[in-house]
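As structure tokens, the structure follows; a few thoughts come after it.
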Amino acid sequence: MVPPITRQVSKEKWEAGTTFLDINLQDVEDCLIYDRRGVSSPFKSLYQHSKTVIIFVRNFLCYSCKDYVDDLSKVPRGVLEEAGIRLVVIGQSAPQHIEPFCMLTGYSYEMYVDPQRSIYLKLGMKREETFTDSALPSPHVKSGLFMGQIKSIWRAMTSPTFDFQGDLHQQGGAIIVGPGSQVHFCHFDMNRLDHMPITWLLQLAGVQQTLDFSDKPKIIHV
């Protein structure tokens, strides 16, 4: 069986073209993910019967990930339902950190964790940051580096369980998969600011509208 092929797109080359990356979901389909109650399910359950946008965040204390999920929470449910897609966020902390992170960001869609980073590692996500001069800034990160890190440290110190809620060096990414093992798209973050713009990601998944995250989410019909 030929493994599915997905596209790895760097933002600076978005207009110029794409490079290709082989991703075999068979390597990760049986890896366990955990919900906020600690109940496990296989990774493949997320995409067996639907097209799913899956966002892997660095860790729940990461200020840029917090800002990104802040904007994910603003995606209207009707937009996802009309396109027939699921929206899922996966972190790499312990399950007890899911609920506080959802409350902090207002995120109401599905969220799970991969505490052993099994999926991150098997898919080949980066563990160190790489910065390039040509990289575009994330349109979703509103916090500056200094204040963002201060807020992250404060959240770690005031958490009931004082930990860093995941490997601080682990980078995240985004994939669009399903139904079945079909992989439509993949982006692996190079660094904490290298998030795939949400509007681009949703449009690749089949959303027809353009969302504006500059202030309040507005649907722009194109």
Side-chain angles (χ1 to χ4, degrees), residues 1-9 20-62 65 68-69 72-73 75 77 80-81 83-102 105 107-127 164-190 194-196 198 201-202 204-207:
M1 181 177 178
V2 179
I5 303 298
T6 185
R7 295 186 297 163
Q8 168 83 24
V9 179
F20 291 87
L21 179 70
D22 291 340
I23 296 257
N24 190 348
L25 287 182
Q26 291 181 341
D27 294 338
V28 296
E29 62 182 13
D30 292 321
C31 291
L32 294 179
I33 54 175
Y34 299 84
D35 65 15
R36 65 191 66 199
R37 297 178 298 275
V39 177
S40 65
S41 57
F43 181 61
K44 62 185 177 184
S45 66
L46 298 180
Y47 53 81
Q48 280 181 318
H49 305 296
S50 64
K51 180 182 286 188
T52 306
V53 176
I54 304 176
I55 311 292
F56 294 86
V57 297
R58 296 176 70 243
N59 58 78
F60 288 158
L61 287 180
C62 171
C65 295
Y68 190 78
V69 177
L72 281 176
S73 71
V75 176
R77 191 171 297 273
L80 300 177
E81 292 175 349
I85 59 177
R86 295 170 68 180
L87 179 60
V88 176
V89 168
I90 293 181
Q92 38 126 355
S93 73
Q96 67 261 26
H97 293 303
I98 295 177
E99 185 70 31
F101 190 66
C102 286
T105 58
Y107 181 84
S108 61
Y109 299 108
E110 298 176 73
M111 186 175 293
Y112 303 90
V113 290
D114 172 20
Q116 303 302 317
R117 294 188 296 124
S118 301
I119 302 170
Y120 288 78
L121 297 176
K122 290 183 179 181
L123 287 182
M125 294 185 199
K126 298 181 179 297
R127 193 175 172 273
F164 290 104
Q165 303 183 25
D167 187 319
L168 297 181
H169 299 284
Q170 180 65 57
Q171 305 306 305
I175 61 175
I176 303 172
V177 293
S181 60
Q182 184 177 10
V183 181
H184 306 277
F185 174 81
C186 174
H187 171 83
F188 289 167
D189 299 340
M190 301 292 290
D194 189 35
H195 302 114
M196 183 69 184
I198 296 171
L201 191 60
L202 294 179
L204 285 170
V207 170

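Below, each value reflects all heavy atoms present in this structure, side chains not excepted, and no hydrogens, waters or symmetry copies. Heads up: numbering here begins at 1 and tracks the sequence.
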Exercise. Starting from the C-alpha separation in whole Å, work towards a yes-or-no answer on side chain to side chain contact (heavy atoms under 4.5 Å, CB included) for V113 and I98.
Key: CA-CA 8 Å; V113 290; I98 295 177; 3.7 Å; yes

Exercise. Report the C-alpha separation of C31 and K44 in whole Å, then their side-chain angles, then the decisive distance to 0.1 Å, and conclude whether the side chain to side chain contact (heavy atoms under 4.5 Å, CB included) test is met.
Key: CA-CA 8 Å; C31 291; K44 62 185 177 184; over 6 Å; no

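- L202 has its side chain within reach of I85: a pair of non-hydrogen atoms, C-beta onward, lies under 4.5 Å apart.
- The two residues Q26 and E29 make their nearest non-hydrogen contact at O-CG, 3.8 Å.
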Practice problem: Begin with the C-alpha distance, continue with both residues' side-chain angles, and end with the deciding distance and a verdict on ring pair (Phe, Tyr, Trp, His ring centres under 6.0 Å) for F56 and Y120. | Solution: CA-CA 8 Å; F56 294 86; Y120 288 78; 5.3 Å; yes

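- A distance of 10.0 Å separates CG in D114 from OG in S93, rounded to the nearest 0.5 Å.
- When side chains are defined from C-beta on, I90 counts as touching V88, because their heavy atoms get closer than 4.5 Å.
- Side-chain contact between I55 and L201: present, with at least one pair of heavy atoms (C-beta onward) separated by less than 4.5 Å.
- The salt bridge (Lys or Arg N to Asp or Glu O under 4.0 Å) pairs that include a residue from residues 116-125 are R117-D167, where partners are two or more places apart or lie in different chains.
- Separating the CD1 atom in I54 from the CZ atom in F43 is a distance of 4.0 Å, to the nearest 0.5 Å.
- Between T52 and I176 the shortest side-chain heavy-atom distance does not fall below 4.5 Å.
- C65 and R58 get closest at one heavy-atom pair: SG-N, 3.3 Å.
- A centroid separation of less than 6.0 Å is found between the aromatic rings of Y68 and H195.
- By the side-chain contact (heavy atoms from CB on, under 4.5 Å) test, S40 pairs with L32, Y34, sequence neighbours left out.
- Atom NE2 of H97 and atom CG of L61 lie 7.5 Å apart (nearest 0.5 Å).
- Residues I33 and S41 are in side-chain contact: their nearest non-hydrogen atoms beyond the backbone lie under 4.5 Å apart.
- Not a single donor-acceptor pair under 3.5 Å links the side chain of T105 to the backbone N or O of V69.
- Between the side chain of Q48 and the backbone N or O of L46 there is no donor-acceptor pair closer than 3.5 Å.
- The structure places CG of L204 at 11.5 Å from NE2 of H187, a figure rounded to the nearest 0.5 Å.
- Taking OG of S45 as the reference point, atom OH of Y112 lies at 6.5 Å (rounded to 0.5 Å).
- The environment of CD in Q116 is sparse: at most 12 heavy-atom neighbours from other residues, nucleotides or ligands sit within 6.0 Å.
- Residues Y47 and L25 are in side-chain contact: their nearest non-hydrogen atoms beyond the backbone lie under 4.5 Å apart.
- Residues Y107 and L72 meet the side-chain proximity criterion, which asks for heavy atoms closer than 4.5 Å.
- With respect to D189 and K126, no salt bridge is recorded, no charged nitrogen being found less than 4.0 Å from a carboxylate O.
- Summarising the geometry, atom SG belonging to C186 is positioned 6.5 Å from atom CE belonging to M125; distances are rounded to the nearest 0.5 Å.
- Residues V57 and Q92 are not in side-chain contact: their nearest non-hydrogen atoms beyond the backbone lie 4.5 Å or more apart.
- Listed by first and then second residue, the salt bridge (Lys or Arg N to Asp or Glu O under 4.0 Å) pairs that reach into residues 85-100 are R36-E99, R86-E110, sequence neighbours excluded.
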